[in-house]
Visitor: 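Dumping the structure here so I can ask a few things about it.
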Amino acid sequence: MKGSVKSFSLIPISFCFLFLFRDEFAVPARHLCHPQQREAILELKNEFQIQKPCSGWTVSWANNSDCCSWDGIRCDATFGDVIELNLGGNCIHGELNSKNTILKLQSLPFLQALDLSDNYFSGNIPSSLGNLSKLTFLDLSKNAFNGEIPSSLGNLSNLTILNLSQNKLIGKIPSSFGRLKHLTGLYAADNELSGNFPVTTLLNLTKLLSLSLYDNQFTGMLPPNISSLSNLEAFYIGGNAFTGTLPSSLFSIPSLLYVTLEGNQLNGTLDFGNVSSSSKLMQLLLGNNNFVGSIPRSISKLVNLDTLDLSHLNTQGLALDLSILWNLKSLVELDISDLNTTTAIDLNDILSRFKWLDTLNLTGNHVTYEKRSSVSDHPSLSYLYLSGCGITTKFLEPLRTQQNMFRLDISNNKIKGQVPGWLWELSTLQYLDLSNNTFTSFESPNKLRQPSSLEYFSGANNNFTGRIPSFICELRSLTVLDLSNNKFNGSFPRCIGKFSSFLEALNLRQNRLSGRLPKKIISRGLKSLDIGHNNFVGKLPRSLIVSSFLEVLNVESNRFNDTFPSWLSSLPELQVLVLRSNAFHGPVHQTRFSKLRIIDISHNRFNGTLPSDFFVNWTAMHSIGKDEDQSYGQYMSIYYYFDSMVLMNKGVEMELVRILTIYTALDFSENEFEGVIPSSIGLLKELLVLNLSGNAFTGHIPSSMGNLSSLESLDLSRNKLTGAIPQELVLHLDSRVVYQPFWPNRTQKNKPHTSLKSFLKPKGKISKKKINQPN
Ligand SMILES: *[C@@H]1O[C@H](CO)[C@@H](O)[C@H](O)[C@H]1NC(C)=O
Ligand SMILES: *[C@@H]1O[C@H](CO)[C@@H](O)[C@H](O)[C@H]1NC(C)=O
Ligand SMILES: *[C@@H]1O[C@H](CO)[C@@H](O)[C@H](O)[C@H]1NC(C)=O
Ligand SMILES: *[C@@H]1O[C@H](CO)[C@@H](O)[C@H](O)[C@H]1NC(C)=O
Ligand SMILES: *[C@@H]1O[C@H](CO)[C@@H](O)[C@H](O)[C@H]1NC(C)=O
Ligand SMILES: *[C@@H]1O[C@H](CO)[C@@H](O)[C@H](O)[C@H]1NC(C)=O
Ligand SMILES: *[C@@H]1O[C@H](CO)[C@@H](O)[C@H](O)[C@H]1NC(C)=O
Ligand SMILES: *[C@@H]1O[C@H](CO)[C@@H](O)[C@H](O)[C@H]1NC(C)=O
Ligand SMILES: *[C@@H]1O[C@H](CO)[C@@H](O)[C@H](O)[C@H]1NC(C)=O
Ligand SMILES: *[C@@H]1O[C@H](CO)[C@@H](O)[C@H](O)[C@H]1NC(C)=O
Ligand SMILES: *[C@@H]1O[C@H](CO)[C@@H](O)[C@H](O)[C@H]1NC(C)=O
Ligand SMILES: *[C@@H]1O[C@H](CO)[C@@H](O)[C@H](O)[C@H]1NC(C)=O
């Protein structure tokens, strides 16, 4: 499921919060706080761990001072009772549901506002929070709370704001929430909540202004009578699995400002019903659903729209009349990508209609550019996506005046010839994707603006020939440079060392580059280096160990002639090492690779024996930590950069994309290893693919291999192994597994099991949060 969440704010929360306590700010004379309440707060603090860099915030919390003056505490002006506890964003670790914590919170019986957001709280939300009956404001967002939402929260009958967003909560919205009659804001986005849309519960909350349930796993239909939420301003339910049609009554709610339904499975035709002519609607995101048919004419009444996403509306090849959008003069963001229309969309037409347009996505439609008006009345775009638009001509020219562009994607078109030099002179451009066209060469820029802003450049999958142009090295801000799948020849561009430390990903895979790699440092900040499938020779430069962030090193299918690079073990982040198909040789010494998850050193001439404890320090393959940082999108700087590699698996060549988050494999095949298979191999419990075929291993298969319970593919063929397969292994290697045992004539299955294929696809959510443009 793809949840696309565009930027929107939770402004209503902070407003209400300030409003609640406005009275207290004004009162000059203070009461001292009650000693037992002060004591409770101090002891509460002692229940938690406060981590750097936040440790300073409790300085004001001195035991002998008035707790009403402490940071994050507010008291009732008349009685001195603590009514607000605001511990948001204080790097607090701990659980709330311990007996002591609950007791301390209950010693603050007058609490009206409790803000624990943006900390590291974990464990369940204690059901006893439901006893803090005076609460009007409860914010537990941005923590790691898990388990179900306690239904006791429905007892907090005076609650106006409840924020549970960005946790790991599961289960349903408790039906007891139907009693929270004063609720104006319910936020539960970005959890793992499920179940049908809680119709009876939520439609009872007639004071709701803001309902935020996006990025969960909710299912079922949206209620047709949603308009009973007659005060609703914000309805955020994108990134779920809602089905059925769009309830047109939604658009009759006059207060509505924001509607985001994108990334669900809603279907049927779009119908906005009776759109109020005074509609205030500013944001309407309907993209990535299964809607069919045309854009309803009534859309032209939504004159205040600034963001409109209709992507993937399947117009079923019908003609498209975009003129019904011309009324929406305030549009800033427009996504009408993948409309499945035969109508060609005229870029010039769009650009001359919307003078405030900033972001335009026409991906997947047929786009033309008819010269009519002059480019001077075009808006100044920041983001333009024209991928797969069948563009053949040199129509880039009109973009030359776009001096405020941040991102330009013209990948997957059929543009030929030279990449124009002026592209490099667009001084604000940060992201440029020209991949999968038929460009053949680069026109040199007249004068490169320095410093260049370009951070991401992909020219992959084109028809570039000749040497890699040296001006590329003048683009000093590049973090990602991808020139893979071209016909570049000549040597490795030495000037790349000029990137010093910005360059994080360099991909020169599948070209015709030759010669030795430079001895000099490529980039200290390098995280991924892929130079596979070229004609490089010589040794791996030892200077690579300076790139201490290196995660991926792939040099497959070259002619490197070197010994095993044990020295790479000093790279603490190394996760993927591919030396496949080169002329590496000699023994492989005991090495410590604590983060390595994929190693392919097959098709070389490594020899000698592997000691029995060889794998004891390859700990990432023992168990993959459930590390939060390894979720998609956070890997590799601010841009998603997808490393790929080819893994041979039983004669099936698999192209693995986004390998880092998903795969664990070890391929030592087609070398000259001998002796017994090290018994420590049984420690590599995360292994999915193990290939030791085509060596001279002897003796029995170590029984410890029975521990490899994740194996999907095993190949031990063409060795000198004897004896039987350990029983445990046979049990694991039941029908779901593809494997080739060491005796030659047992029937083999040659296709990987389907679950193996599923690893080739990304799993999980990718939220394409827009990178906010700098002010
Ligand atoms: C606060 O001070 C009182 C008396 O000075 C002492 O009994 C109590 O333990 C202290 N509390 C904390 C939490 O340090
Ligand atoms: C809820 O708020 C009302 C009005 O402020 C107040 O009278 C009532 O006591 C509150 N209820 C609880 C349980 O605190
Ligand atoms: C809706 O609110 C009424 C009180 O106004 C309450 O009696 C009823 O139980 C609530 N319904 C649900 C489903 O919570
Ligand atoms: C919409 O999807 C539901 C199931 O998800 C299906 O029963 C229904 O027929 C679909 N409606 C249309 C108009 O395609
Ligand atoms: C696009 O429209 C055509 C009709 O022109 C239809 O046959 C096709 O299935 C549609 N594509 C998709 C992905 O629905
Ligand atoms: C533009 O549209 C394409 C196709 O719908 C989509 O994959 C892509 O994420 C969109 N880009 C942005 C930045 O929204
Ligand atoms: C390259 O672009 C063409 C359209 O011009 C598209 O059909 C093809 O799938 C793209 N190839 C890749 C690898 O994205
Ligand atoms: C790529 O360039 C070669 C000449 O170097 C040419 O023969 C070939 O047709 C070009 N391919 C495309 C798709 O333009
Ligand atoms: C590797 O280099 C050595 C000399 O350093 C040479 O003897 C050997 O033939 C080379 N191997 C290959 C496969 O080129
Ligand atoms: C390994 O191969 C090298 C040649 O690359 C050879 O000199 C050495 O004797 C071999 N070692 C073993 C243990 O076979
Ligand atoms: C594993 O790492 C530990 C700690 O660095 C080290 O003492 C030990 O020698 C290593 N063992 C092997 C077999 O490499
Ligand atoms: C295995 O192959 C050998 C020779 O290749 C043959 O003699 C033997 O019968 C085969 N065994 C089975 C079970 O097919």
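Whatever order the structure lists them in is the order used to number ligands and atoms, beginning at 1.
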Visitor: Any idea which atoms of ligand 5 are less than 4.0 Å away from a heavy-atom of G317?
Guide: 2 (O), 5 (O)
Visitor: Test E674 against K720 for salt bridge (Lys or Arg N to Asp or Glu O under 4.0 Å), laying out the working first.
Guide: CA-CA 9 Å; E674 55 194 31; K720 298 175 185 162; over 6 Å; no
Visitor: Only heavy atoms of T243, strictly under 4.0 Å: list the atoms of ligand 4 that pass.
Guide: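 Heavy-atom distances to T243 below 4.0 Å select 5 (O).
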Visitor: Can you tell me the protein heavy atom closest to atom 5 (O) of ligand 9 and the distance?
Guide: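 Looking at atom 5 (O) of ligand 9, the protein heavy atom closest to it is N561 ND2, 4.6 Å.
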Visitor: Does some non-hydrogen atom of the protein lie less than 4.0 angstrom from atom 7 (O) of ligand 4?
Guide: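 Within 4.0 Å of atom 7 (O) of ligand 4, no protein heavy atoms are found.
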Visitor: Can you tell me the protein heavy atom closest to atom 14 (O) of ligand 5 and the distance?
Guide: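 Ranked first by proximity to atom 14 (O) of ligand 5 is N314 ND2, 2.6 Å.
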Visitor: In the protein, what heavy atom is nearest to atom 4 (C) of ligand 4, and what distance, to one decimal place, separates them?
Guide: N267 ND2, 4.6 Å
Visitor: With heavy-atom distances below 4.0 Å as the criterion, list the atoms of ligand 5 near Q316.
Guide: 2 (O), 4 (C), 5 (O)
Visitor: Checking R580 against S602: is there a side-chain donor and acceptor pair closer than 3.5 Å?
Guide: yes
Visitor: Would you say the side chains of H585 and N604 form a donor-acceptor pair under 3.5 Å?
Guide: no
Visitor: Give the atoms of ligand 9, by number and element, whose distance to some non-hydrogen atom of A583 is under 4.0 Å.
Guide: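 Those of ligand 9 that fall under 4.0 Å from A583 are 13 (C).
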Visitor: Please check atom 2 (O) of ligand 9 for a protein heavy-atom neighbour under 4.0 Å.
Guide: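 At least one protein heavy atom is under 4.0 Å away.
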Visitor: Do you know which two heavy atoms are closest between I324 and S300, and how far apart they sit?
Guide: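 Closest approach of I324 to S300: O-CB, 3.5 Å.
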Visitor: Is it true that the side chains of S387 and N412 contain a donor and an acceptor less than 3.5 Å apart?
Guide: yes
Visitor: Using heavy-atom distances, let me know which of T342, N340, T341, T315 sits nearest atom 13 (C) of ligand 5.
Guide: N340
Visitor: Mark yes or no: R407 above the aromatic ring of Y383, with NZ or CZ under 6.0 Å from the six-membered ring centre and no more than 45 degrees from the axis.
Guide: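 Output no; distance or angle outside limits.
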Visitor: Within a 6.0 Å radius of atom CZ on R605, are there more than 12 heavy atoms belonging to other residues, nucleotides or ligands?
Guide: no
